[in-house]
2 protein chains.
Amino acid sequence: MVKRTSLARAECPIARALDVIGDWWSLLIIRDALLGRRRFGEFQKSLGLAKNILTTRLRTLVDRGILQMAPASDGSAYQEYVPTPKGRGIFPILVALRQWSEEFDEHPQEITTLLVDRDSRRPVRKLELHASDGRMLGGFGDTTLMARPAAKRRRRVSN
Amino acid sequence: MVKRTSLARAECPIARALDVIGDWWSLLIIRDALLGRRRFGEFQKSLGLAKNILTTRLRTLVDRGILQMAPASDGSAYQEYVPTPKGRGIFPILVALRQWSEEFDEHPQEITTLLVDRDSRRPVRKLELHASDGRMLGGFGDTTLMARPAAKRRRRVSN
DNA sequence: GCTCCTGGTTTAATATTGCAACTACAAAAT
DNA sequence: ATTTTGTAGTTGCAATATTAAACCAGGAGC
């Protein structure tokens, strides 16, 4: 099989994340789901993708625990797709993508939406990365990768 | 044409970002580039992807202004791919992906690297989103999307 | 019953991806 | 000077993914 290589078991957490949400439509579906869209038809109209693809994407998102199928809600005996906590956890990724476009896109005037704080209705700040002691970290130069200490195993004296 | 739909001109900045970096390999190449990898062969060995794919990915990353080709560096008359500022701006996206995996992955023990502050060598905090007045915002429920105010046009009295 | 709407599945054409083999050329070894 | 190795690709073909469009089933409306 020439199958697309799976990154599910990669050591790099970024690769692992991409294995799950690293495709166009999936992330856009999640974006829509976080905006409150719930129904097959809503996603399809909003995204304009082929229905069979929407079908498969919804299925894998459910399989991966990002969306959940809920039996109904507005009466009709259809079902809805609602984000799980794991799905809601994708929010920062979407914010990071958004802010990157806002900062670097060639045609920022074409961007028509703005992420605002619900209370003040004013734009949010850029995502911030802090060290454990609270110092704010700038770009990637302020960080390094380290080997993760092996997980503790119970009931073993040494290892 | 059944061509893959382009999101380059989408109104949503997330879609626009995905149009550029919304594929597996591109993001992994950028990750490697930010880790200091520079050469075709380094990327290929590290990622294990087919060379023709690496070729096309590198080309589009250069076209899109994320990587830059630099003439040499270590003597040899070959060239290198180095991240531009726009490329370095992708760092927060990678951090967000990483943290999402760390928090929600089913097998977190398989993740072997840890992002640490360069000075203290201690793990970084989670990315934080703040309102313009500094209040920390939690999940997606604390924010809304608004229409972006139209860009100012010079020399027009009203609009 | 007949028809429309929702939420899909199936099909066939087209596009993209992946692998392997091949090329071109510079560097290093003999 | 000639062979060998390493780098950075290209080419061809098979496998897979995406798309649009046609089809289908169940429920609601008439």
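Scope of the values below: all heavy atoms of this structure, side chains included, with no hydrogens, waters or symmetry mates. All chains are named by letter (A, B, ...) in the order of the sequence lines, taking the proteins before the strands, and each is independently numbered beginning at 1.
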Rounded distance in Å - [atom1] ([X]) to [atom2] ([N]):
X: A/Trp24; N: C/dT17; atom1: CH2; atom2: P; result: 10 Å
X: B/Arg59; N: C/dT17; atom1: CZ; atom2: P; result: 13 Å
X: B/Phe43; N: D/dG9; atom1: CZ; atom2: C1'; result: 15 Å
X: B/Asp23; N: C/dT16; atom1: CG; atom2: P; result: 13 Å
X: B/Leu54; N: D/dT10; atom1: CG; atom2: C1'; result: 13 Å
X: B/Lys45; N: D/dG6; atom1: NZ; atom2: C1'; result: 10 Å
X: B/Leu49; N: C/dC19; atom1: CG; atom2: P; result: 9 Å
X: A/Trp25; N: C/dT16; atom1: CH2; atom2: C1'; result: 15 Å

Pairwise side-chain contact, [X] with [Y], heavy-atom cut-off 4.5 Å (strictly under):
X: A/Leu67; Y: A/Ile29; result: yes
X: B/Leu47; Y: B/Arg57; result: no
X: A/Arg98; Y: B/Leu145; result: yes

Discussion item. I want to check one thing: is the phosphate of C/dT9, taken as OP1 and OP2, less than 4.0 Å away from some side-chain N or O of A/Thr55?
Written reply: yes

Practice prompt. Kindly say if B/Tyr81 contacts the phosphate of D/dG9, meaning a side-chain N or O under 4.0 Å from OP1 or OP2.
Written response: yes

Discussion item. With rounding to the nearest 0.5 angstrom, report the CG to CH2 distance, B/Asp23 to A/Trp24.
Written reply: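 Answer rounded to 0.5 Å: 9.5 Å.
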
Discussion item. I need the A/Ile90 CD1 to B/Phe140 CZ distance, nearest 0.5 Å.
Written reply: 11.5 Å

Of the options [options], whose atoms approach the side-chain atoms of [X] most closely?
X: B/Ala50; options: D/dG9, C/dT9, C/dC19; answer: C/dC19
X: A/Arg39; options: D/dT10, C/dT9, C/dG7; answer: C/dG7
X: B/Lys51; options: D/dT11, D/dG9, C/dG8; answer: D/dG9

So which protein N/O to nucleotides 25-30 of chain D N/O distances come out below 3.5 Å?
none

Item to complete: Classify the side chain of A/Asn52 versus the base of D/dT19 as yes if they form a donor-acceptor pair under 3.5 Å and no if they do not.
Response: yes

Worksheet item: Can you name the closest pair of heavy atoms from A/Pro83 and A/Arg88 and give their distance?
Response: O-NH1, 3.4 Å

Fill in: Any donor-acceptor N/O pair, B/Trp100 side chain to A/Lys86 backbone, under 3.5 Å
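Such a contact is found between B/Trp100 side chain and A/Lys86 backbone.
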
